[in-house]
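Small disclaimer: the values here were computed from a predicted structure and weren't measured.
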Amino acid sequence: MPTPDLKHLLPRSTLNKGREMQQQPEVAKELDAGKPFLLFCTLPLSYCGTSVGKHIGSAGLVLHWCGDLRVQLCVTVDDEAVELRWRPQQSMELRVPLEEGKHTCSVTRENGDCEGKFDVEIESGIFHDIDAGLLYKRAVRDPENRSQFSFPDGRSACSFICCDSAMLFWDKLGAGADHEISRVDILPEDVAHALTGAMKKFQEEGGLDTLNAAGLQHTNVLEVLELCGWIWDGALLPAADGSFWGTLTDEDCLMQTLQQAVQHAETLHGIRKGPQFICIIRPPETLLVVVFAEVGLFGVFDSHTRRIGSTDFPATFYQCASLSELADMLRINFFPLPEGLEPEELGSYVLFELTVLSLRDQKSDESVELDPDSVNLRE
């Protein structure tokens, strides 16, 4: 099969690379078998075969990779009528030009693990966005697509929202033997209640005024609990020895630190079982991690707006299949580090802090008075 005439579409260097590849025995064998010709570009990979060469740039798919960037992927369309190699570390997006009509696209790792199979109908002049490699299994959004930024004075309220949401989710999920487990999932109405209930307390019941009186606009969790703990009648406290720190420059550090925090939180229950609540602070954001291993719940509540792949999320509870996938999602989708900068140039931007919360009957001698002079990350 001859190389398609693409001189008017592709740079000469790309065409030369394609001609070189045609001379390789394994490539020539595939061409003789009638498989489409694949050009490897220095830019994101582009497919150039007889079925789509004339349509390049007009319609097709844009795949967005949301997982580990170190993997190598294979993209096939319509039972290998189109086959591409994709290296997300070079580009997290892959544009696949296709003819109009119905197509099936599969994304697999080199070891054969499937990362998604998608049925799409391509329309003229439209590229369809598809997110692959998602690290969450369920995303429960605010039903009205709101975030903390939808409320006056909500810009700096995330630490307060996390504290109040822990109380709400504790009540919704239950707490084990002494408090019967009522359900195992967070629902859209829970996300809405967490957002609106916390903002009501923040704006109307003294949270904002208290923090403003202390001269604080951006606060961490310990400052919120110290100054505003009365809002929850003393039922919400930081756990003794419940602060853990780490750096995002070490890819394993977040998972290891989360494990330590969860193990510490489990000791607060004694023989009782129930959800653990851990606030994670990575300036300028605070998120609420919820781990209820007994029922397979590993999630994080995020009151901010956030883009993952091609999707813009409002306040959302993201649920993962395991603690390790939760850690990977936080590291890759929530806290990516800018490329091309050394760690010392990023300063505190590479650091994170975990604060274990002690709720209701978890209170005991393990709870502590807050030390205002303690060193913690500030938003």
Side-chain angles (χ1 to χ4, degrees), residues 10-11 13-31 33 35-49 51-52 56 60-98 103-120 127-137 248-252 254-255 307-311 320-322 324-340:
L10 298 174
S13 60
T14 299
L15 292 171
N16 289 340
K17 179 66 174 176
R19 294 189 184 99
E20 291 174 9
M21 291 181 61
Q22 274 189 294
Q23 306 306 315
Q24 299 176 12
E26 61 273 17
V27 175
K29 183 178 179 180
E30 290 191 356
L31 293 176
K35 290 190 176 182
F37 180 57
L38 177 65
L39 290 175
F40 285 86
C41 307
T42 54
L43 299 174
L45 299 182
S46 298
Y47 170 77
C48 305
S51 64
V52 298
I56 286 181
L61 301 175
V62 180
L63 294 169
H64 302 262
W65 181 248
C66 304
D68 188 347
L69 297 182
R70 297 168 296 183
V71 301
Q72 296 188 30
L73 303 167
C74 178
V75 178
T76 59
V77 180
D78 299 335
D79 296 325
E80 301 185 359
V82 177
E83 184 172 343
L84 300 171
R85 297 293 185 269
W86 183 15
R87 294 179 177 86
Q89 204 158 34
Q90 295 178 355
S91 175
M92 295 177 68
E93 295 183 5
L94 178 66
R95 185 173 288 252
V96 184
L98 294 171
H103 298 274
T104 299
C105 174
S106 297
V107 180
T108 58
R109 298 195 182 207
E110 282 192 328
N111 63 6
D113 290 346
C114 182
E115 292 289 348
K117 188 171 184 178
F118 313 95
D119 293 319
V120 294
F127 273 85
H128 295 263
D129 292 301
I130 291 180
D131 295 334
L134 293 171
L135 292 166
Y136 60 84
K137 67 177 185 180
L248 296 167
T249 56
D250 180 349
E251 292 186 349
D252 298 323
L254 181 54
M255 174 58 185
R307 167 163 282 213
I308 298 178
S310 64
T311 306
C320 300
S322 65
S324 62
E325 289 197 4
L326 174 60
D328 286 342
M329 182 185 69
L330 290 170
R331 179 175 56 84
I332 295 170
N333 298 145
F334 287 64
F335 307 142
L337 295 178
E339 295 182 2

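In this structure, CG on Leu98 lies 7.0 Å from CG on Asp78, to the nearest 0.5 angstrom. The OG atom of Ser322 lies 9.5 Å from the CG atom of Leu135; values are rounded to the nearest 0.5 Å. In this structure, the separation between CH2 on Trp65 and CG on Leu134 is 8.5 Å, given to the nearest 0.5 Å.
Within the 3.5 Å criterion, the main-chain N or O of His64 finds no donor-acceptor partner in the side chain of Asp129.
Partners of Thr249 according to the side-chain hydrogen bond (donor to acceptor under 3.5 Å, both in side chains) rule, which considers only residues two or more places apart in sequence or in another chain, are Thr247. Scored by the ring pair (Phe, Tyr, Trp, His ring centres under 6.0 Å) test, Phe335 finds no partners at all (sequence neighbours excluded). Ser310 meets the side-chain hydrogen bond (donor to acceptor under 3.5 Å, both in side chains) test with Asp131; sequence neighbours excluded. In this structure, the side chain to side chain contact (heavy atoms under 4.5 Å, CB included) partners of Met92, at least two apart in sequence or on a different chain, are Leu69. With sequence neighbours left out, Asn111 forms a side chain to side chain contact (heavy atoms under 4.5 Å, CB included) with Arg109, Asp113. With sequence neighbours left out, the side-chain hydrogen bond (donor to acceptor under 3.5 Å, both in side chains) criterion links Glu251 to Arg70.
Here the closest heavy-atom approach between residue Arg331 and residue Leu254 is recorded as N-CD2, 3.9 Å. What you find for Cys66 and Asn333 is that their closest heavy atoms are O-ND2, 3.1 Å. The two residues Cys320 and Lys137 make their nearest non-hydrogen contact at O-CE, 3.8 Å. Nearest heavy atoms, Pro88 versus Leu73: CG-CD1, 3.6 Å.
With Cys105 as the fixed residue, the side-chain contact (heavy atoms from CB on, under 4.5 Å) test singles out one of Thr76, Val96, Leu63, Val120: Leu63.
Inter-residue side-chain proximity for Leu61 and Phe118 is flagged as unmet; no heavy-atom pair is nearer than 4.5 Å.
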